[in-house]
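Just below is one structure, and these are the notes that go with it.
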Amino acid sequence: MNKAFVREAADDEDEEEALDPALRLPQGTRNYITPAGHARIRAELEHLLRVERPQVVGVVQWAAANGDRSENADYIYGKRRLREIDRRIRFLTRRLDLAEIVDPARRENTEQVFFGATVSICDGQGTESTYQIVGVDEADLAHGRISWVSPLARALLKSRAGDIVRFQSPAGWREVEVLAVVYPSGES
């Protein structure tokens with residue numbers, strides 16, 4: 001089939017963001033990120049540039065030297081993996097360029113919830129949870145990090161310990177009580 005009629009999936013730079021709505025920033029906002037999140041993204045970018053990409057380029061060069069490329073699985077897979085790596089590199093580079101590092105350890109008013117705060121909450125059933133409010137690119141629910149644009153984080157912003165906040169969750173309206181607000185210390 002002619003390549004003119006074949007479209008690479010998510011080849012457009014903006015399509016990667018369109019695939020995952022959680023990666024989209026609200027219009028007119030900045031890409032806030034903690035220093036730790038910035039370091040994680042920078043480390044991933046460096047790993048892709050210095051380790052993974054050179055390894056894949058080596059495999060593709062070796063596979064290309066073996067002759068017929070049309071049925072060479074190493075060559076075809078390598079080229080596909082190289083496109084994936086390059087797309088991820090472009091995405092990470094763009095996100096780092098837009099990133100505005102906010103160090104929560106420098107926060108002066110530590111009684112209210114702002115970006116970078118670690119917040120302990122209790123829902124109506126008595127279940128306690130702890131979340132750190134972080135940037136869109138560093139959100140990881142499994143590790144208790146939620147994006148500052150998530151409904152829960154938006155509801156928690158500017159609240160204090162003892163406040164009851166209400167927010168729209170996928171399961172409907174919920175109320176939670178803020179138990180504690182903690183910021184990382186500056187001596188890290």
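It should be emphasised that the depicted structure is a prediction, and the values quoted were computed from it without experimental measurement.
- Tracing side-chain contacts under 4.5 Å through hydrophobic residues (I, L, V, M, F, W, Y), one reaches Val57 starting from Ile89; they form part of the same cluster.
- Each of Ile133, Val119, Leu157, Ile121 was checked for a side-chain contact (heavy atoms from CB on, under 4.5 Å) with Leu152, and the lone residue meeting it is Ile121.
- Arg174 has its side chain out of reach of Gln168: every pair of non-hydrogen atoms, C-beta onward, lies at least 4.5 Å apart.
- Arg40 CZ to Leu92 CG: the interatomic distance, rounded to the nearest 0.5 Å, is 13.0 Å.
- Cluster membership check: Phe91 shares its hydrophobic cluster with Leu48, using side-chain heavy-atom separations under 4.5 Å among Ile, Leu, Val, Met, Phe, Trp and Tyr.
- Here the side chains of Glu52 and Arg81 are in contact, with some heavy-atom distance below 4.5 Å.
- Aromatic ring pairs are classed by plane angle as parallel below 30°, tilted from 30° to 60° and perpendicular above 60°; the pair Trp148 and Tyr32 is perpendicular.
- Note on Ile85 and Tyr77: separate hydrophobic clusters, where clusters join Ile, Leu, Val, Met, Phe, Trp and Tyr whose side-chain heavy atoms are under 4.5 Å apart, directly or indirectly.
- Leu179 and Tyr131 fall into different hydrophobic clusters, where Ile, Leu, Val, Met, Phe, Trp and Tyr residues are linked whenever their side-chain heavy atoms come under 4.5 Å apart, directly or through other members.
- Between Arg87 and Glu84 there is no salt bridge, since none of the side-chain N atoms of the basic residue sits less than 4.0 Å from a carboxylate O of the acidic one.
- Asn31 contributes a side-chain N or O that, together with a main-chain N or O of Arg95, makes up a donor-acceptor pair within less than 3.5 Å.
- Of the possible donor and acceptor atoms, none in the side chain of Gln132 sits under 3.5 Å from a partner among the backbone N and O of Thr118.
- Of the candidates Val176, Ile164, Val178, Val181, Val178 is the only one forming a side-chain contact (heavy atoms from CB on, under 4.5 Å) with Ser159.
- Counting heavy atoms from C-beta on, the side chains of Thr34 and Ile101 never come closer than 4.5 Å.
- Using a cut-off of 4.0 Å between Lys/Arg side-chain N and Asp/Glu carboxylate O, Glu138 and Arg145 are scored as not salt-bridged.
- Distance OG1/Thr93 to CZ/Arg42: 8.0 Å, rounded to 0.5 Å.
- Of the candidates Leu141, Asp140, Val136, Asp137, Val136 is the only one forming a side-chain contact (heavy atoms from CB on, under 4.5 Å) with Ser147.
- Contact check for Phe167 versus Arg154: no side-chain heavy atoms found under the 4.5 Å cut-off.
- Between Arg160 and Asp163 there is no salt bridge, since no side-chain N of the basic residue sits under 4.0 Å from a carboxylate O of the acidic one.
- For Val59, the side-chain contact (heavy atoms from CB on, under 4.5 Å) criterion is met by no residue, not counting sequence neighbours.
- Under the 4.5 Å side-chain heavy-atom criterion for grouping Ile, Leu, Val, Met, Phe, Trp and Tyr, Trp62 is not connected to Val56 through any hydrophobic cluster.
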